[in-house]
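Here's the structure we're looking at; comments come further down.
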Protein chains: 2
Amino acid sequence: MTETLSRRELNKAATRQAITDAAFALLRSNGPGNFTVEDVAEMAGISRRTFFNYFSSIEAALAAVTNGFLDSALQQFRQRPADEPILESARAALMQLADPMTVAPLAELFTLTQENALLSRSELEAWDHCTGQIINAARERFAGTPGAAVDELYLRALAGSVISCGRAAMDVWFARCGADLSPASLAVLRQLLIDAMGHLGSGFGSPHPATGTAAAAAAQAPSTAPPTAAPTLLKERL
Amino acid sequence: MTETLSRRELNKAATRQAITDAAFALLRSNGPGNFTVEDVAEMAGISRRTFFNYFSSIEAALAAVTNGFLDSALQQFRQRPADEPILESARAALMQLADPMTVAPLAELFTLTQENALLSRSELEAWDHCTGQIINAARERFAGTPGAAVDELYLRALAGSVISCGRAAMDVWFARCGADLSPASLAVLRQLLIDAMGHLGSGFGSPHPATGTAAAAAAQAPSTAPPTAAPTLLKERL
DNA sequence: CACGAAATTACACTACGTGCAAGTTTGCAC
DNA sequence: GTGCAAACTTGCACGTAGTGTAATTTCGTG
């Protein structure tokens with residue numbers, strides 16, 4: 001998979017990474033909105049102008065994390081067998097990503113951005129961009145089937161709903177577990193994703209489809225609550 | 001309903017309206033990104049600084065249209081009986097808004113923004129903001145029921161999916177009908193909203209739930225296609 | 001090494017968004 | 001009406017964002 005990368009391409013990739021790392025570090029230390037492009041460029045060892053050659057804004061540089069996550073989710077989705085129910089494909093694709101390596105940067109970005117909603121714009125764009133790609137992927141899949149023409153409304157409603165459920169699961173997970181990345185916490189996330197897809201697949205018939213949900217999974221490892229994390233921002237049950 | 005409005009409040013409302021009108025007019029004439037805050041302020045008869053006292057950006061000023069639409073949708077939702085199935089409430093709330101007076105500004109904003117995706121950011125924010133409000137509204141409704149505590153995941157997944165389906169319906173509608181606001185076109189929109197909610201309510205079981213869908217509604221009045229409108233941007237069935 | 005392509009950089013410029021200190025309008029009491 | 005306080009508008013200044021451009025450096029290739 002790793003093609004022959006020229007020196008130029010390696011340099012560009014390294015610079016790109018250095019920028020996001022620097023932006024991330026400054027986000028950690030200074031908080032959102034309390035540092036400039038010049039700060040990022042200096043920390044990354046480049047000029048201000050070069051920064052803009054790579055990213056159009058600080059938000060875009062940070063959104064690279066989210067975009068990477070969503071891109072790999074999409075990659076997983078494309079690898080699912082075409083005859084599988086599409087909701088099952090989506091569920092499986094999201095499931096593959098609930099491992100520490102993948103969610104760690106995303107979870108930290110969540111912690112740092114949700115406090116100040118300044119960065120949420122690029123996050124929204126990233127989710128929206130991914131929705132568009134899912135629409136394309138699903139369209140291609142359905143185009144392979146024999147019969148009728150693809151129902152564009154179905155595609156768009158489905159893709160949007162899947163993404164919304166994924167977001168809902170992550171929001172709730174984060175409200176419960178904060179930046180906790182322990183296996184128990186990830187088990188909660190997995191179950192939340194499963195539950196959200198279950199709701200979607202059953203047409204949101206009942207708020208309580210079955211016992212043994214994420215709440216139970218959390219109960220199995222209740223000691224993982226993050227006492228030192230930022231105060232819970234999403235009201236849990238009120 | 002109309003309370004006693006002081007002179008100050010009237011002036012502020014008028015100024016606010018003048019700003020959005022000016023921004024809209026400049027968007028029409030110059031296209032997105034081709035006019036400045038100073039232009040808007042001048043056309044609205046105020047200073048640049050005052051503009052920023054009302055809106056934090058041109059995008060925000062234009063998003064007032066979308067926000068108004070979504071707020072009234074939310075208002076409709078809150079008025080539905082609490083014992084109604086929640087998806088039916090959502091469908092009914094969206095249905096109330098498919099009249100020319102309400103969708104006309106929104107449709108025009110769609111035409112002008114979707115060409116250049118510069119403004120889509122605030123649009124996304126507006127949709128997201130509305131999602132949050134629907135979550136709150138639904139939470140309040142469920143809190144009134146006797147039994148179990150509210151399932152936050154259910155709320156968020158549901159609200160996000162409803163909004164996504166509404167967006168999908170509007171996207172498809174716009175791709176088909178452009179800025180056409182004729183009764184026939186609005187009938188298509190209504191049917192698309194019904195179909196999207198139907199997909200959601202049936203768990204996206206089949207791409208073709210029933211005949212007599214929006215395609216048929218469009219066939220009943222095929223002469224309403226907008227020949228002069230901007231070229232279709234969403235690929236219809238491929 | 002030398003040459004061309006690609007990347008980085010410095011510089012200049014417009015526009016954005018905000019703090020601040022005026023000036024102006026509105027509401028209210030006397 | 002007069003006076004006053006609060007709310008609103010305005011002009012100014014300042015730092016920052018983002019872009020065009022031309023000069024400079026780095027890299028691949030003959």
Side-chain angles (χ1 to χ4, degrees), chain A residues 3-24 26-27 29-64 113 116-123 125, chain B residues 3-23 25-27 29-64 113 116-123 125:
Chain A
E3 301 298 330
T4 60
L5 293 177
S6 69
R7 181 63 163 271
R8 277 213 167 91
E9 288 162 332
L10 286 174
N11 284 346
K12 287 197 73 168
T15 301
R16 202 177 176 81
Q17 189 63 44
I19 292 174
T20 60
D21 289 347
F24 223 84
L26 286 167
L27 180 64
S29 59
N30 296 17
N34 297 330
F35 59 98
T36 69
V37 171
E38 196 160 4
D39 297 332
V40 178
E42 185 184 7
M43 180 170 286
I46 58 171
S47 71
R48 194 181 89 96
R49 190 63 182 84
T50 299
F51 173 93
F52 286 111
N53 286 344
Y54 283 84
F55 298 100
S56 60
S57 65
I58 290 178
E59 302 182 5
L62 292 169
T113 56
N116 285 17
L118 296 172
L119 293 164
S120 57
R121 289 192 173 191
S122 344
E123 292 295 302
E125 277 185 311
Chain B
E3 301 297 329
T4 60
L5 292 176
S6 70
R7 182 63 162 270
R8 275 213 169 94
E9 287 162 333
L10 286 174
N11 284 346
K12 287 197 72 169
T15 301
R16 203 177 176 82
Q17 188 62 44
I19 292 174
T20 61
D21 288 347
L26 285 167
L27 179 64
S29 59
N30 295 17
N34 297 331
F35 58 99
T36 69
V37 171
E38 198 160 2
D39 297 333
V40 177
E42 185 183 6
M43 180 170 287
I46 56 172
S47 70
R48 194 181 88 98
R49 190 63 184 83
T50 299
F51 174 94
F52 285 111
N53 287 343
Y54 282 84
F55 298 100
S56 60
S57 66
I58 289 179
E59 301 181 6
L62 291 169
T113 56
N116 284 20
L118 296 172
L119 293 165
S120 57
R121 289 192 174 191
S122 344
E123 292 295 303
E125 278 185 310

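Residue numbers begin at 1 in each chain, while the letters A, B, ... track the order of the sequences. The model shown is predicted, which means the values in this text are computed figures rather than measured ones.
Counting to the nearest Å, the C1' atom of C:dT25 and the CG atom of B:L10 are 14 Å from each other. We find that CG of B:N53 is positioned 11 Å from C1' of D:dA7, with the value rounded to whole Å. In this structure, the NZ atom of B:K12 is 13 Å from the P atom of C:dG27, given to the nearest Å.
Side-chain atoms of B:T20 and B:L62, non-hydrogen and from C-beta on, never get closer than 4.5 Å to each other.
Legend: residues meeting side-chain hydrogen bond (donor to acceptor under 3.5 Å, both in side chains) with A:T36, ordered by chain and number and at least two apart, are A:D39. With sequence neighbours left out, the side-chain hydrogen bond (donor to acceptor under 3.5 Å, both in side chains) criterion links B:S47 to B:T50. With sequence neighbours left out, B:N11 forms a side-chain contact (heavy atoms from CB on, under 4.5 Å) with B:R7.
Between A:Y54 and C:dA7, a side-chain N or O to OP1/OP2 separation shorter than 4.0 Å is absent. For D:dT10, one of the phosphate oxygens OP1 or OP2 lies less than 4.0 angstrom from a side-chain nitrogen or oxygen of B:T50.
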Show, in sequence, the C-alpha distance, side-chain angles and deciding distance for A:I58 and A:F51, and conclude whether the side chain to side chain contact (heavy atoms under 4.5 Å, CB included) test is met.
CA-CA 9 Å; A:I58 290 178; A:F51 173 93; 4.2 Å; yes
Pair A:F35, A:M43 - check side chain to side chain contact (heavy atoms under 4.5 Å, CB included), show working.
CA-CA 11 Å; A:F35 59 98; A:M43 180 170 286; over 6 Å; no
For a side chain to side chain contact (heavy atoms under 4.5 Å, CB included) check, start with the C-alpha distance between B:V40 and B:L26, then their side-chain angles and the critical distance, and finish with the verdict.
CA-CA 7 Å; B:V40 177; B:L26 285 167; 3.7 Å; yes
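Nearest heavy atoms, A:I19 versus A:A61: CG2-CB, 4.2 Å. The minimum heavy-atom distance linking B:R16 with B:Y54 is given by the pair NH1-O, 3.8 Å. In plain terms, the two heavy atoms of B:A44 and B:A18 that are nearest each other are CB-O, 3.8 Å.
Note that NZ of B:K12 and CZ of B:R8 are 10.0 Å apart. Values are rounded to the nearest 0.5 Å.
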Take nucleotides 14-22 of chain D nucleotide by nucleotide from the 5' end and write B, S or -, depending on whether a protein heavy atom sits under 4.0 Å from the base, only from the sugar-phosphate, or from neither.
--SBBBBB-
Atom pairs, protein N/O to nucleotides 25-30 of chain D N/O, distance under 3.5 Å:
residue: D:dT26; atom: O2; partner: A:R8; partner atom: NH2; Å: 3.2
residue: D:dC27; atom: OP1; partner: A:N11; partner atom: ND2; Å: 3.3
residue: D:dC27; atom: O2; partner: A:R8; partner atom: NH2; Å: 3.1
residue: D:dG28; atom: OP1; partner: A:R7; partner atom: N; Å: 2.6
residue: D:dG28; atom: OP1; partner: A:R8; partner atom: N; Å: 3.4

Can you give the dot-bracket line for DNA chain C, using ( ) for pairs inside the strand, [ ] for pairs that cross earlier ones, | for pairs with another strand and . for unpaired bases, where Watson-Crick and G-U count if both distances are under 3.5 Å?
||||||||||||||||||||||||||||||
